[in-house]
Amino acid sequence: MSSGGPRLRVLPASAWAATVADELLDRLAAEPRLRVCLPTGDTPVPLYAELAARDAARSPSWAQATVVLLDEWAGLPPGDPARCDVRLRRQLLDQLAPPPRFVPIDVDGSDDEAAARAHDAAARGLDLVVLGLGMNGHVGFNEPGSRPDDPTRLVRLAVSSREAATARYGAALTPTAGITVGLGRILEATEVWLLVTGERKADVLRRALREPEGVDCPASYLRRHPRLTVFADEAAVAGPRRRRPRAPGSAA
Ligand code: F6R
């Protein structure tokens with residue numbers, strides 16, 4: 001763990017997407033050949049909308065940058081709406097002109113282990129890895145039990161991740177496995193950003209940042225990275241608002 005610990009940026013929800021977009025575009029302006037690994041999920045959706053809108057308004061060009069996909073379900077057919085490549089293309093990449101080079105995860109061949117090895121090579125030497133935080137402490141598909149030196153690999157998904165594919169993202173069937181950039185590659189990157197919004201993430205964020213690191217919460221290993229920034233909105237830090245106890249005798 002770095003001596004200073006993670007940089008924690010707590011932002012009002014209304015400024016969250018614009019602030020993270022500013023930082024990412026500053027990074028892109030300074031480093032046009034940026035190699036950045038991006039997640040899907042709900043958390044980055046407003047960030048991607050902001051980046052797409054900025055691009056239309058002439059933000060720094062993505063033309064020389066490379067976007068590496070963080071993770072992908074195994075077993076979902078090409079074009080499935082839950083596919084991470086489909087979601088990232090729709091939410092961001094297709095709206096950038098000219099687009100960056102995109103490195104998806106090849107789950108459409110017959111050998112997922114070989115696809116994972118190929119993506120492990122693609123995920124070496126990243127400049128920046130952007131992550132969301134799962135309610136069970138996962139980052140990417142590095143589910144509880146993952147270790148800090150894990151490579152990019154084929155993994156069994158936690159039940160909550162399987163359910164998310166159908167319930168939240170509209171997958172045609174329930175995947176049981178996925179390929180994820182491993183914690184080893186994430187920790188090797190030059191910089192790591194963890195995006196966390198909403199009060200429901202407050203407990204797991206506190207667990208990841210404040211309690212001893214451990215396999216029960218893979219995100220806790222991110223604290224080993226010397227350049228970890230957490231972009232949280234206020235709710236993700238404050239947690240649920242305590243309901244004020246009703247005064248005795250007041251109406252229900
Ligand atoms: C998605 C991914 C996942 C999500 C995490 C949080 O590519 O890697 O680890 O980032 O499950 O998901 P949301 O943002 O939907 O709460």
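Note that ligands are numbered from 1 as they come in the structure, with each ligand's atoms numbered from 1 the same way.
- At the top of the distance list for atom 5 (C) of ligand 1, counting protein heavy atoms only, stands H138 NE2, 3.4 Å.
- Residues D149 and Y221 have side chains not in contact (no heavy-atom distance under 4.5 Å, counting atoms from C-beta outward).
- Nearest protein neighbour of atom 14 (O) of ligand 1, counting heavy atoms only, is T43 OG1, 2.5 Å.
- When the heavy-atom distances from atom 9 (O) of ligand 1 to G140, G134, G132, P218 are ranked, the shortest goes to G140.
- For Y169, the closest heavy-atom approach to ligand 1 falls below 4.0 Å.
- Using a 4.0 Å cut-off between charged side-chain N and carboxylate O, D150 and R185 make no salt bridge.
- Residue contact check: R200 has heavy atoms under 4.0 Å from atoms 16 (O) of ligand 1.
- Ranking the protein heavy atoms by distance from atom 16 (O) of ligand 1 puts K201 NZ, 2.8 Å first.
- The protein heavy atom nearest to atom 6 (C) of ligand 1 is L133 O, 3.4 Å.
- Checked for salt-bridge contact, E23 and R7 meet the test: a charged N lies under 4.0 Å from a carboxylate O.
- For ligand 1, the atoms lying closer than 4.0 Å to a non-hydrogen atom of L70 are 8 (O).
- Ligand 1 has no atom lying under 4.0 Å from any heavy atom of E72.
- Protein heavy atom in closest approach to atom 2 (C) of ligand 1: D71 OD2, 3.2 Å.
- Using a 4.5 Å cut-off on side-chain heavy atoms (C-beta onward), V36 and T66 make no contact.
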Practice task
Test side-chain hydrogen bond (donor to acceptor under 3.5 Å, both in side chains) on N136 and E143 and set out the steps.
Solution key: CA-CA 8 Å; N136 64 355; E143 304 281 17; 3.0 Å; yes
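- Every heavy atom of M135 sits 4.0 Å or more from the atoms of ligand 1.
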Exercise for the section: For the pair E113 and R117, evaluate salt bridge (Lys or Arg N to Asp or Glu O under 4.0 Å) and give the outcome as yes or no after the intermediate values. Expected result: CA-CA 6 Å; E113 299 279 4; R117 281 194 300 276; 5.1 Å; no
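- Nearest to atom 15 (O) of ligand 1 among the protein's heavy atoms is R168 NH2, 2.5 Å.
- The aromatic ring centres of F231 and W193 sit less than 6.0 Å apart.
- Using the six-membered ring where Trp is involved, F141 and W73 have ring planes that are tilted, between 30° and 60° apart.
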